[in-house]
Structures are given as C-alpha cells and as structure tokens.
Amino acid sequence: MPRTALIAGNWKMNGLAGDLGFFGEVARAAADSPADILVCPPATLLALAAKTCSGTAISVGGQDCHARESGAHTGDISAVMLRDAGADYVILGHSERRADHGESDAIVRSKAEAALAAGLIPIICVGETQAERESGQAETVVARQLAGSLPENPQKMELVIAYEPVWAIGTGLTASEADVAEIHAAIRKRLPEPLTTRILYGGSVKPANAESLLSLADVDGALVGGASLKASDFTSIIGAVGR
Ligand code: 13P
C-alpha cells in the first residue's frame with residue numbers, strides 16, 4: 001500500500017506573528033508537491049497560522065498536548081483546543097519534551113490517546129541518545145519507546161512515527177543512511193498491519209541531505225526543525241520528495 005510522504009516542520013519555540021509570511025512563500029511548493037505538508041508553529045500562532053493556511057495545501061499542528069480534555073492544568077493545552085484552533089496533527093513525545101518535562105512513554109501514550117479522541121493525528125517521536133547508540137542500544141531503546149508510547153490498538157488509527165536520534169537534533173549531524181534504514185525497518189517490523197503508518201526521519205534534515213534521506217525504504221517523510229524556519233530551505237526540502 002503506497003504511503004503519501006509527509007514533510008513536517010517543527011518550529012519549536014520560534015515564531016512571532018510577523019513571521020506568518022512564511023506560509024505564502026511555501027504555499028506554491030506545497031500545492032505542487034505529491035507530499036502532505038505540515039507546519040507545527042508555537043501554540044500562540046496556531047489559530048493565526050491555520051487561518052493563513054486555509055485554502056492552501058499546508059496543514060498545521062501542535063507541538064504537544066495535555067492528556068486531559070480540560071481542567072485545572074495551568075499553562076497546558078488540550079488536544080481538543082488544538083483541534084479547535086485548526087490543528088490536524090500534534091507532535092508528541094519529542095525528545096525535548098521527554099528531557100525538559102520528564103515525559104515518560106506512558107505519558108506520551110496517554111497524550112496520543114487524547115489526540116486521537118480529539119480527531120488529531122499524533123506524530124509520536126522516538127530516538128536514542130548518543131550514549132545509547134554508542135553502547136549498541138539504539139534499536140532496543142527505540143523498540144521500548146515504541147512499545148510504551150503507542151496507543152492501544154494502533155492499527156485502527158492514523159498515526160505517524162518520527163525517528164529522531166537525539167544526537168542528530170540541531171547538531172548538524174545526521175544518522176548515516178544505513179543507520180536510518182536499519183532503525184526505520186525495525187520500527188516498521190513492530191507496527192501492526194496494515195502497514196499504512198508513516199515513519200518520518202528527523203535530525204538535521206536540510207536541503208543538502210533531504211533527497212538521499214527521503215529516498216530510503218521505509219522513510220515516509222521528514223520532521224524538520226531548524227530548516228523549517230526558513231521558507232527557502234523548507235521549500236527545497238519539499239521539492240526533494242519523489243525526485
Ligand atoms: P533539527 O532539524 O533542527 O535538527 O531538529 C529536528 C527536530 O527536532 C524536529 O522535531
């Protein structure tokens with residue numbers, strides 16, 4: 001079964017209202033692309049970004065959500081709220097959330113279940129640290145994160161997995177093609193049939209390496225951090241799909 005590629009930008013804690021011109025610059029490439037195009041701006045810009053992207057081929061998403069629908073959780077945002085603001089997707093369990101906010105696999109799973117219940121497509125992030133890779137634990141760690149973070153009965157729902165080796169994020173280092181292919185195949189093996197779940201690679205994806213990474217088997221797209229902040233870089237990554 002063919003899987004539509006997904007090119008997703010994660011703006012992390014970057015972006016102000018003055019940056020929304022980005023979407024106009026990317027809209028043409030998105031319209032011409034065979035891939036699904038997604039941008040996850042900070043929550044403060046989500047509703048504005050959704051409005052700006054309405055009628056274009058760009059979807060918007062959140063970067064995190066709370067596991068509950070509403071209640072006394074100061075500063076948190078629920079999946080229902082993201083949906084209400086115009087989000088179609090939400091990134092969950094990013095290594096920066098796991099490290100900065102102590103998010104366990106169980107927390108990520110409960111957030112993924114909340115996201116699905118709200119009609120969002122969760123993008124569940126997994127990936128090993130440098131020490132884990134150096135000690136030969138990369139696949140074991142990713143398998144454990146996957147087993148703990150995926151919602152119950154994942155075969156019934158649309159979700160996306162993002163493999164983001166922690167040591168490749170924001171460092172300019174990218175996993176070798178062989179390592180990416182190996183981990184993506186290992187993830188694919190652990191996903192239930194039918195094999196429609198998309199697996200993205202993330203970690204220093206840029207115009208110069210996008211084409212080779214995206215051509216690997218089992219790489220169904222990219223989760224792009226730094227290079228998604230510049231319209232020309234993001235556009236050229238979009239252009240690398242299926243080239
Ligand atoms: P960089 O592309 O900046 O390495 O970030 C990757 C990432 O964390 C995307 O979620």
Side-chain angles (χ1 to χ4, degrees), residues 5-15 19 22 26 35-43 45-46 49 58-65 82 87-101 103 105 108 111-112 115 120-130 132-133 138 141-142 145-146 149 159-177 179-180 183-184 187 198-214 216 219-241:
L6 172 62
I7 302 297
N10 174 9
W11 280 13
K12 309 191 180 185
M13 198 171 71
N14 297 289
D19 298 317
F22 171 95
V26 170
D36 292 339
I37 308 302
L38 167 70
V39 175
C40 299
L45 289 184
L46 191 55
I58 308 171
S59 300
V60 298
Q63 299 178 10
D64 175 50
C65 70
L82 294 178
D88 290 317
Y89 293 78
V90 60
I91 298 169
L92 293 174
H94 191 283
S95 59
E96 288 151 15
R97 302 265 343 151
R98 291 178 186 261
D100 297 352
H101 300 271
E103 290 191 8
D105 292 334
V108 176
K111 291 181 172 197
L120 294 171
I121 301 171
I123 300 176
I124 299 174
C125 302
V126 295
E128 81 286 358
T129 62
Q130 181 147 28
E132 288 163 343
R133 171 152 291 274
V141 168
V142 166
Q145 290 174 332
L146 210 54
S149 308
L159 50 85
V160 176
I161 309 294
Y163 169 55
E164 298 206 308
V166 177
W167 50 270
I169 294 176
T171 57
L173 302 170
T174 339
S176 71
E177 290 179 20
D179 288 344
V180 174
I183 298 287
H184 278 237
I187 293 172
R198 292 178 286 189
I199 309 174
L200 313 183
Y201 170 77
S204 299
V205 176
K206 41 193 179 249
N209 61 21
E211 190 177 344
S212 54
L213 286 164
L214 290 168
L216 297 173
V219 174
D220 304 312
L223 183 52
V224 186
S228 75
L229 295 173
K230 215 170 131 196
S232 56
D233 283 354
F234 196 55
T235 300
S236 98
I237 293 169
I238 290 170
V241 175

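Just so you know, ligand 1 is whichever comes first in the structure, and atom 1 is the first atom listed for that ligand. Along the sequence shown, residues are numbered consecutively beginning with 1. Side chains are part of it too, since the values below use all heavy atoms of this structure and drop only hydrogens, waters and symmetry mates.
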Parallel, tilted or perpendicular: rings of Tyr201 and His184 (30°, 60°): tilted
Nearest protein heavy atom with distance in Å, relative to atom 2 (O) of ligand 1: Gly225 N, 2.9 Å
Ala168 touching ligand 1 at heavy-atom level, < 4.0 angstrom: yes
Minimum-distance protein heavy atom relative to atom 4 (O) of ligand 1: Gly170 N, 2.6 Å
NZ/NE/NH1/NH2 to OD/OE distance under 4.0 Å, Asp233 and Lys206: no
Residue Leu223 vicinity, atoms of ligand 1 by number, heavy atom under 4.0 Å: 9 (C), 10 (O)
Which segment of Lys12 sits under 4.0 Å of ligand 1 when only heavy atoms are counted: side chain
Under-4.0 Å heavy-atom contact with ligand 1, by part of Asn10 that carries it: side chain
Closest approach of any protein heavy atom to atom 3 (O) of ligand 1, naming residue and atom: Gly226 N, 2.8 Å
Salt bridge (charged side-chain N to carboxylate O under 4.0 Å, His left out) against Arg98, all qualifying residues, sequence neighbours excluded: Asp105
Thr171, any N or O under 3.5 Å of ligand 1 N or O: no
Ser204 neighbourhood, listing ligand 1 atoms whose heavy-atom distance to it stays under 4.0 Å: 1 (P), 2 (O), 4 (O)
Over all atoms of both residues, closest heavy-atom pair of Gly202 and Pro165: O-CD, 3.3 Å
N or O contact, Gly202 vs ligand 1, cut-off under 3.5 Å: no
Nearest-contact summary for atom 9 (C) of ligand 1 - protein heavy atom, Å: Glu164 OE2, 2.9 Å
